[in-house]
Amino acid sequence: MTRRDSLLRPFVAMLAPYDLGPGPVGVHRGLPSSTVSLTLPEADSVEIGWLARPASRRHHRAAVAGLHLDAAQVRQAGGTRGVYLTLSPLGAAALLGVPASALAGHVVDLADVAPALAHLPERLAACRTWPQRRALVERSLLAGLARHGARENAPELRAMLAALSRTSRVHEAAQLLGCSRRHLSGRVRTELGVTPKEYQRLVRFETARGRLAVAGTTKAALADVAAASGFADQAHLSREWRAMAGCTPTAWLRTEDPAAECTEDPAPECTEDPAAERTEGPATGDPPTRDRSPGEETA
């Protein structure tokens with residue numbers, strides 16, 4: 001592990017190339033996420049809006065999305081390639097200089113959040129290989145870390161998020177931490193912009209998403225994924241997917257084709273194989289390939 005890797009590892013969950021496909025317009029469903037995501041198109045702009053609110057669609061030269069419990073639609077015309085990365089809630093403050101709570105539920109221009117990074121799309125377009133693009137993004141993030149640095153309360157927040165991820169109820173996490181539920185709720189809401197219960201809901205959803213990509217959507221597989229991910233039963237899993245993703249698990253797997261995705265290794269160890277550039281797509285929560293057609297987006 002290089003020094004650059006070790007410095008970024010606590011803050012960058014994933015860093016990968018994406019390609020929304022050979023068509024004139026790439027379309028992708030951005031799923032709810034417990035991370036802050038950055039979509040950096042190499043050319044043109046990216047249009048992002050919440051699926052349930054078509055009027056929310058906006059064009060961004062590069063986009064930053066905070067933690068969110070709703071699905072979004074991502075559309076990119078012309079050049080459909082770029083770089084996608086996700087930051088831990090701690091990474092938003094350390095690398096971008098803004099707390100995750102300021103971004104929760106919003107999609108904003110990168111230039112408005114971190115003006116020093118506004119140049120990235122143009123500089124990425126000038127790079128010829130994925131290793132060059134990755135190195136450029138990592139250098140820019142390290143410069144942000146030097147400007148802002150980790151917050152003094154980072155260890156406390158990291159422990160809180162770890163406890164919430166390991167438990168299904170907020171009071172159980174508070175017991176693990178040795179603090180009151182009120183203290184835990186106040187700290188998490190202030191730092192992340194979501195409640196502890198909402199954070200647990202996001203973690204459970206993301207766990208199921210990863211398991212679904214491997215297990216498929218047979219009745220037995222869905223039941224196993226539900227049990228392993230902390231849902232009461234398969235019906236509970238299906239209700240949450242409809243509420244949060246705007247579609248069923250089966251519909252998501254059919255349109256997103258996660259079997260073609262790049263492995264979501266931590267950013268510093270993501271593959272440098274240029275062939276990986278074929279598979280990733282931008283999102284406000286996950287990095288799959290493009291939807292097969294815009295019409296399937298609301299299926």
Side-chain angles (χ1 to χ4, degrees), residues 8 11-16 18 20 26 28 30-127 133 136-151 189-194 267 281-287:
L8 290 177
F11 309 112
V12 181
M14 190 185 69
L15 170 59
Y18 72 79
L20 291 181
H28 164 66
L31 296 183
S33 173
S34 65
T35 58
V36 173
S37 63
L38 280 70
T39 303
L40 309 174
E42 291 181 21
D44 299 317
S45 61
V46 60
E47 180 189 86
I48 302 178
W50 305 113
L51 276 177
R53 290 175 280 145
S56 66
R57 294 175 183 170
R58 298 288 186 276
H59 285 276
H60 305 275
R61 184 61 189 92
V64 182
L67 280 70
H68 58 99
L69 287 89
D70 301 307
Q73 185 184 68
V74 182
R75 297 170 62 89
Q76 188 172 331
T80 56
R81 291 159 49 112
V83 174
Y84 173 79
L85 60 150
T86 58
L87 309 180
S88 69
L90 293 168
L95 304 179
L96 304 182
V98 295
S101 57
L103 302 169
H106 299 290
V107 181
V108 296
D109 285 310
L110 176 62
D112 294 334
V113 175
L117 301 181
H119 66 282
L120 275 177
E122 288 73 19
R123 295 187 62 186
L124 286 170
C127 295
R133 287 189 284 275
L136 170 62
V137 173
E138 289 180 341
R139 287 195 301 270
S140 299
L141 294 177
L142 286 174
L145 181 61
R147 284 191 297 271
H148 309 296
R151 302 179 69 170
R189 185 188 289 271
T190 297
E191 296 294 339
L192 271 64
V194 299
T284 53
D286 59 324

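Keep in mind that this is a model prediction, so the values were computed, not measured.
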What do the steps show when you test Val83 against Leu136 for side-chain contact (heavy atoms from CB on, under 4.5 Å), and what is the final call? CA-CA 11 Å; Val83 174; Leu136 170 62; over 6 Å; no

Provide the closest heavy-atom pair for Ser101 versus Thr190 in the form atom of the first, atom of the second, distance. OG-O, 2.9 Å

Give, for atom CD of Glu191 and atom CZ of Arg151, the distance between the pair rounded to the nearest 0.5 Å. 4.5 Å

Nearest 0.5 Å, please: how far is CG in Leu85 from OG in Ser37? 8.0 Å

Side chains of Leu38 and Val137 in contact at under 4.5 Å (non-hydrogen atoms): no

I need the minimum non-hydrogen distance between Pro99 and Ala93, along with the two atoms involved. CA-CB, 4.3 Å

Which value, rounded to the nearest 0.5 Å, describes the distance between Arg61 atom CZ and Asp112 atom CG? 14.0 Å

List the steps and the verdict of side-chain contact (heavy atoms from CB on, under 4.5 Å) for Leu87 and Thr35. CA-CA 6 Å; Leu87 309 180; Thr35 58; 6.0 Å; no

Which atom names give the shortest non-hydrogen contact between Leu145 and Ala150, and what distance separates them? CD1-N, 4.3 Å

Which of Leu95, Leu40, Leu117 passes side-chain contact (heavy atoms from CB on, under 4.5 Å) with Ser140? Answer is Leu117

CD1/Ile48 to NE2/His106 distance, rounded to the nearest 0.5 angstrom? 14.0 Å

What is the minimum heavy-atom distance between His59 and Asp109, and which atoms define it? O-OD1, 4.0 Å

Check whether any side-chain N or O of Thr39 sits under 3.5 Å from a backbone N or O of Ala63 as a donor-acceptor pair, and report yes or no. no

How long is the gap from CD on Gln73 to NE2 on His28, to the nearest 0.5 Å? 10.5 Å

Of all the heavy-atom pairs spanning His68 and Gly105, show the shortest one and how long it is. CB-CA, 4.3 Å

Sub-3.5 Å donor-acceptor pair from the side chain of Ser56 to the main-chain atoms of Trp50, do we have one? yes

Tell me, yes or no, whether the heavy-atom count around Arg189 atom CZ, taken from other residues, nucleotides or ligands under 6.0 Å, exceeds 12. no

Spacing of CD belonging to Glu122 relative to CD belonging to Glu42, to within rounding of 0.5 Å: 11.0 Å

Please name the pair of heavy atoms, one in Ala62 and one in Pro41, separated by the smallest distance, quoted to 0.1 Å. CA-CD, 4.0 Å

Within a strict 4.5 Å, meaning less than it, do heavy atoms of the Asp70 and Leu51 side chains meet? no

